[in-house]
Amino acid sequence: MNNLPTVTKNLLIINVLCFFGMFVARKYGVDIENMLGLHFFLASDFNLGQLITYMFMHANFSHIFFNMFAVWMFGRVLEQVWGPKRFLTYYLICGIGAGLIQELVQYVEYLAVWSNYDSVNTGLGIIPMDAFLNQLTTVGASGAVYGILLAFGMLFPNSQMFVFPIPVPIKAKYFVIGYAVLELLLGLGSNDGVAHFAHLGGMLFGLILIVYWRKKNGGGRIYY
């Protein structure tokens with residue numbers, strides 16, 4: 001940990017503290033996940049601050065483990081290249097952008113499906129629409145993480161990576177493209193409760209920011 005760049009190290013620490021703090025708070029009847037998770041913007045529990053706080057909430061151990069593993073593996077490289085200020089800016093913008101895309105997707109679904117009803121049958125019972133909308137909560141740093149993956153693939157496109165269970169190394173650019181295509185297919189064809197379009201949103205906002213920085217730097221690849 002002492003060898004990690006400052007922002008990467010603090011992101012890991014904050015996320016882990018929030019994760020365990022969530023379980024401690026539950027013992028005292030406080031639902032931090034509901035307070036800090038990103039609610040649908042038409043829900044009564046929504047507030048703008050959740051576009052930032054939701055990034056530090058995670059649903060379970062595997063969720064936080066794989067997100068923080070990616071931050072440790074790729075985030076430290078980006079921070080060493082960009083510096084702490086630019087890396088933190090990039091991380092937060094990707095996370096906020098992912099949240100905005102998730103809100104947009106939920107709004108489209110709301111207009112297409114739910115807006116014509118006053119209540120929803122969840123399978124466990126019929127609840128009022130207001131209560132249902134408050135259940136639409138997004139948590140996790142995955143949007144920011146997918147932005148990090150995109151940036152690594154753009155800065156180091158030909159880096160060789162071993163990805164389990166593929167037995168041969170693949171280039172980072174193909175790894176990133178493959179993940180983006182997979183998320184798009186899952187977003188269009190699955191109903192697994194994962195915010196796949198939020199992941200793509202993190203990549204989209206990351207791409208926009210990287211293109212902007214490159215233009216500002218006269219087309220340079222590193223763009224300090």
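For this chain, numbers begin at 1 and follow the sequence in order.
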Determine whether a donor-acceptor pair (N or O, by modelled atom type, separation under 3.5 Å) exists between the side chain of His58 and the backbone of Ala141.
yes
Mark yes or no for whether Arg214, through its side chain, and Ile210, through its backbone, hold a donor-acceptor pair below 3.5 Å.
no
Any side-chain heavy-atom pair of Phe56 and Phe19 under 4.5 Å
no
With distance as the sole test, does Tyr54 use its side chain to make a donor-acceptor pair with the main-chain N or O of Gly49 at under 3.5 Å?
no
So if I apply the side chain to side chain contact (heavy atoms under 4.5 Å, CB included) rule between Thr6 and each of Leu4, Asn10, Thr8, which one comes out positive?
Asn10
Taking Gln102 for its side chain and Phe197 for its backbone only, find out whether a donor-acceptor pair lies under 3.5 Å.
no
Polar side-chain atom of Thr53 near backbone of Leu36 as donor-acceptor pair, under 3.5 Å:
yes
Quick one: which residue pairs count as a ring-ring contact (aromatic ring centres under 6.0 Å, His included) with a foot in residues 121-149, not counting sequence neighbours?
Trp114-Phe132, Tyr146-Tyr179, Tyr146-His199
Check the orientation of Tyr107 and Phe40. Use parallel for under 30°, tilted for 30 to 60°, and perpendicular for over 60°.
tilted
Find out whether Leu48 and Leu51 are in side-chain contact, i.e. whether some heavy atom of one side chain is under 4.5 Å from a heavy atom of the other.
yes
If we count only N and O atoms by modelled type, under 3.5 Å, do the side chains of Asn134 and Ser44 hold a donor and an acceptor together?
yes
May I ask you to check whether over 12 heavy atoms, not counting those of Phe61, lie within 6.0 Å of atom CZ?
no
Polar side chain donor-acceptor pair, Asn34 to His39, under 3.5 angstrom:
yes
Among Gln106, Met55, Gln50, the one residue meeting side chain to side chain contact (heavy atoms under 4.5 Å, CB included) with Thr138
Gln106
Sole candidate of Phe69, Phe152, Phe156 that passes ring-ring contact (aromatic ring centres under 6.0 Å, His included) when paired with Phe74:
Phe152
Is it possible for you to say whether Met203 and Leu100 belong to one hydrophobic cluster, with membership spreading through side-chain heavy-atom contacts below 4.5 Å?
yes
Student check: side-chain heavy atoms of Cys18 and Met57 closer than 4.5 Å:
yes
Please tell me if the side chains of Glu79 and Pro84 come closer than 4.5 Å, counting only heavy atoms from C-beta onward.
yes
Would one find more than 12 heavy atoms of other residues, nucleotides or ligands at under 6.0 Å from atom CG of Asn121?
yes
NZ/NE/NH1/NH2 to OD/OE distance under 4.0 Å, Arg26 and Glu33
yes
